[in-house]
Amino acid sequence: MKKILVIGSAGQIGSELTLALRDIYGGDNVIAGVRKTKPSEKLTSTGPCEVVDALDVDALVSTVKKYNIDCIINMAAILSATGEKNPMLAWDVNMNGLINVLEVAREHNMKQVLVPSSIAVFGPTTPVDNTPQETILKPTTMYGITKVAGELLGDYYEKKYGLDVRGLRYPGIISHETEPGGGTTDYAVAIYYEAIKNKKYTCFVNENTRLPMMYMPDCLKATIDLMQADYSKLKHHSDFNVGAMSFSAGELAASVKKYIPEFEITYQPDERQAIADSWPNSVDDSAARKEWGWKPDYDLDAMTRDMLEVIGEKHKKGLI
Ligand code: AKB
């Protein structure tokens, strides 16, 4: 039986992943690790919650010992846009936090570590369409640099110490539970909230900006499927490309307009445009499909219908 610690449980992916894992492994077997953010009632009522900061090794070790943790998922990270405002913070949280997690995992003989990566590992010299699994990794953001180093570190611990480290290159993740913070792909979430609340949105990347994206149910499925994949079938470990959909900001707006015809979008690109321009349009995820059977369920329209319905309900109830 797995005893899982999710560091970054209050974040966009962590909050939903923790609950999904509790459904599978039981509430008591999945410990929500939160930093300063006040955990939601859903997190505190469905299983244990601890204050865990990957930069504080003593607190990390005491949580690992207290619950006999044998699997750590490190979802805590400074994302691309915030990372450009504060590169040293991004380095500290993303690199020192990660090496602490890997060392604690090695010293305590963990069965598995999950370390998320991102499409931010790619850069302006990477092929943009159907970006291959093995390709040029020369990112131009501090976030991307830490993600490339993170993938290499994960593979290093796997090879040198036999630690089962796994990771996915997440595209932009779209969800309606916890809003993302500090990422370049955040516009693809904000547009739905603004469409419901104000029927208009000012987008910080231009209309033609095309990026790989994924709806949260697919993100949870990809993460859990990779965690449960047969180790002997894996040729890759910390760096799987995972694709689901690819659309431009203009196509996203058109999809919203289908359901809210009066919705209006304007474009005012800011410094995040350059980050978006350095990332691929779409990725080739055939390694993930072959090695652990990855297959997404949602396309843009199915996601838009779902997002607008759930956010619309929240709005009616006065929750947003
Ligand atoms: C970001 O925009 O920084 C993240 C990512 C693609 O990793 N959402």
Side-chain angles (χ1 to χ4, degrees), residues 8 10-17 73-87 89-91 93-95 97-98 114-124 126 128 131 137-151 154 167-193 203-206 209-216 218-220 222-223 226 238-249 252 269-283 285 288 296 303 307:
Q12 186 198 12
I13 301 178
S15 55
E16 295 196 49
L17 182 62
I73 301 177
N74 182 29
M75 284 293 165
I78 300 295
L79 299 185
S80 55
T82 306
E84 286 316 283
K85 291 203 179 99
N86 198 339
L89 177 71
W91 179 267
V93 172
N94 299 358
M95 291 316 312
L98 173 60
L114 194 103
V115 175
S117 187
S118 159
I119 53 162
V121 294
F122 304 120
T126 307
V128 285
T131 299
L137 302 181
K138 284 193 164 198
T140 45
T141 61
M142 181 57 98
Y143 174 62
I145 292 167
T146 65
K147 288 294 165 191
V148 173
E151 289 183 356
L168 303 152
R169 291 174 177 155
Y170 289 120
I173 303 298
I174 295 160
S175 64
H176 49 67
E177 188 63 34
T178 307
E179 284 186 65
T184 301
T185 58
D186 293 6
Y187 65 89
V189 177
I191 190 171
Y192 291 108
Y193 281 87
C203 185
F204 59 76
V205 296
N206 68 38
T209 304
R210 179 176 294 279
L211 288 172
M213 299 278 180
M214 184 182 277
Y215 194 30
M216 184 58 92
D218 275 335
C219 170
L220 299 176
T223 308
L226 175 60
S238 308
D239 60 359
F240 282 100
N241 278 1
V242 273
M245 49 185 124
S246 159
F247 50 76
S248 68
L252 173 61
D270 65 16
E271 69 286 351
R272 289 167 282 191
Q273 181 69 55
I275 303 178
D277 287 344
S278 75
W279 291 350
N281 294 337
S282 58
V283 297
D285 58 7
M303 174 176 77
M307 283 291 283

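Worth knowing before you read on, the calculation uses all heavy atoms, side chains too, and leaves out hydrogens, waters and symmetry mates. Read the numbers this way: they start at 1 and go in the same order the structure lists the ligands and their atoms.
- Shortest contact from atom 2 (O) of ligand 1 to any protein heavy atom: T184 N, 2.7 Å.
- Listed by number with element, the atoms of ligand 1 under 4.0 angstrom from any heavy atom of L79 are 3 (O).
- With no hydrogens or angles considered, no side-chain donor-acceptor pair links T141 and S80 at under 3.5 Å.
- The closest protein non-hydrogen atom to atom 8 (N) of ligand 1 is T185 OG1, 2.9 Å.
- T131 places a side-chain N or O within 3.5 Å of a backbone atom of S282 that can act as its donor or acceptor partner.
- At a threshold of 4.0 Å, the pair E84-R272 does not count as salt-bridged, since none of the basic side-chain nitrogens sits closer than that to a carboxylate oxygen.
- Each of the atoms 1 (C), 2 (O), 3 (O), 6 (C) of ligand 1 lies under 4.0 Å from some heavy atom of W279.
- Every N/O-N/O distance between Y170 and ligand 1 stays at or above 3.5 Å.
- Close approach to S80 involves these atoms of ligand 1, each under 4.0 Å from a residue heavy atom: 1 (C), 2 (O), 3 (O).
- Side chain to side chain, S238 and E151 fail the donor-acceptor criterion of an N or O pair below 3.5 Å.
- Ring geometry, F204 versus Y187: the interplanar angle exceeds 60°, so the pair is classed perpendicular (tilted spans 30 to 60°).
- Remark: side-chain polar atoms of S278 are paired, donor with acceptor, to backbone N or O of I275 under 3.5 angstrom.
- Below 4.0 Å from some heavy atom of S118 lie the following atoms of ligand 1, by number and element: 5 (C), 6 (C), 7 (O).
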